[in-house]
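Scope of the values below: all heavy atoms of this structure, side chains included, with no hydrogens, waters or symmetry mates. Throughout, protein chains are lettered first and strands after them, A, B, ... in sequence-line order, and every chain is numbered starting at 1. It should be emphasised that the depicted structure is a prediction, and the values quoted were computed from it without experimental measurement.
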Amino acid sequence: MLLTDAETKALRSSSVRSAAFVRIATNPMLRLWSGVGDIAAQFVPLDPAGTVFRGIGELVGVPELQQLINGAAARIEFTLSGVSEHVLAVAAGEAAAVQGRTVHVGEAFFDDAWQLLGPVHLMWRGIADQLSIQQAPSTGIERPIVRTVTLSAGSMLTGRRRPGLSYFTDQDQQRRSSGDRFCERVSLYQQGVEKGWPRFDDPPEE
Amino acid sequence: MTQLIYVPPALMAAAGAKVELSARVIAPGMTASGVIPLVSTDGGGLWSMAFSTVAMDDDIARTWLAIASLCDGGVNKLIVPCFVGWPLAPWPIVGGSPLIAHDPVPHSDDALFSDGTGYVQRAIVMRTVGTAPLRATTLTLEIIAGSALRGGEHFEIVHQVKKHRIYRVTRVVIDGDGNSVVTIRPPLREVVPAGVEPNFDQPRCVMQPVSPDALDAEWEPAFLGHSSPRLIEAFV
């Protein structure tokens with residue numbers, strides 16, 4: 001990550017203005033930042049300048065990011081708290097659409113007028129895994145239900161000792177390479193499937 | 001669909017009020033030299049309002065209960081007037097005194113509307129010069145009717161999508177054309193084109209209750225009601 005001179009100077013001061021930016025490759029692309037309101041920013045090298053990121057409470061928790069250290073690649077969780085019942089229903093229905101999507105986390109720095117000093121710098125790249133939903137029960141009229149959506153994401157090195165199961169079935173091949181018919185007839189080679197010896201017609205007499 | 005409910009100014013006559021920008025600042029600890037660096041991650045903050053003891057007569061009480069119920073605990077948002085700093089607004093000085101309102105203007109035959117009101121207009125009129133982009137913190141204003149800006153004033157801009165938003169003037173510089181280049185907080189919620197007239201008379205903001213019970217009213221014997229609402233800026 002290369003910082004501009006202005007960013008380096010800002011980081012040297014005792015007061016730093018920064019924000020976290022999260023980009024999840026769903027369809028449509030989900031772009032959130034930790035500040036209030038919308039902001040137009042460039043997420044290098046992914047998004048061009050002027051891409052709008054949404055803010056205000058939609059991204060509550062961006063956890064600490066760690067790289068592979070001493071052989072341990074951490075899994076991180078993003079938290080969205082205080083969501084509506086509609087968001088909860090959408091999250092429950094769209095959990096499969098989020099799984100396997102690329103997650104990028106970046107950071108950008110601001111000057112004392114809250115203007116961006118440079119683009120959003122990419123800090124971490126991972127794969128979205130589980131989208132979990134929690135709904136704490138209400139314990140009284142004055143303590144309403146709190147709904148929380150948590151997205152668990154891991155880096156490419158997370159769980160590397162536990163290889164994902166993958167088979168040469170047509171379903172797995174379609175997931176790997178959509179439209180590829182290479183494994184289409186694998187099901188015909190299962191144990192117990194009786195394959196009749198082909199019977200060729202007699203060649204025509206000369 | 002979220003509704004926007006306009007709160008009449010008469011409902012916000014409180015014994016005390018506090019309108020401030022909430023910030024999210026992290027202190028990562030003290031360095032060896034004793035310096036405590038601060039990291040701000042909120043992008044400029046958002047408005048919070050707290051009112052103490054809004055006294056209610058019968059009419060205000062009826063309106064308050066209706067609005068609190070319509071709000072549905074915060075699902076529907078409120079357009080709340082901000083009276084803090086009202087005496088600090090740049091009112092035009094007429095005859096040595098600040099002019100805070102014009103007399104209602106009747107029709108050409110001196111008739112008023114059926115409810116006894118006439119045409120009204122703001123006392124303070126200013127206009128934006130040039131386009132200010134999203135999240136800009138400076139704005140150039142041409143003063144048409146009003147006193148010079150000094151800092152600390154509040155004004156409202158009605159955006160196309162974000163609707164009513166309040167901004168506070170923090171610094172003023174007069175440019176070569178005599179216009180006021182103001183530094184504001186928070187940063188603009190939306191692009192502001194040229195020719196927009198900010199509302200300094202009665203700025204309002206889209207707010208929601210901090211909690212579902214933040215608009216609750218209490219009733220004392222002899223049926224005197226009062227409430228102490230707490231609100232936070234909302235985005236629909």
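- Residues in residues 169-184 of chain B take part in no salt bridge (charged side-chain N to carboxylate O under 4.0 Å, His left out) pair, two or more places apart or across chains.
- Summarising the geometry of R185(B) relative to D112(A), their closest heavy-atom pair is NH2-O, 2.7 Å, with the distance given to 0.1 Å.
- Residue D111(A): no heavy atom, backbone or side chain, is found under 4.5 Å from chain B.
- You'll find the side chain of L116(A) stays beyond 4.5 Å of the side chain of R135(B), heavy atoms only.
- Applying the ring pair (Phe, Tyr, Trp, His ring centres under 6.0 Å) test to W64(B) and every residue at least two apart in sequence or in another chain returns nothing.
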Practice task
Before giving the answer on side chain to side chain contact (heavy atoms under 4.5 Å, CB included), spell out for F235(B) and R54(A) the whole-Å C-alpha distance, their side-chain angles and the decisive distance to 0.1 Å.
Solution key: CA-CA 11 Å; F235(B) 290 81; R54(A) 292 181 58 184; over 6 Å; no
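- Judged purely by atom type and a 3.5 angstrom limit, E190(B) has no side-chain atom pairing as donor or acceptor with the backbone of D38(A).
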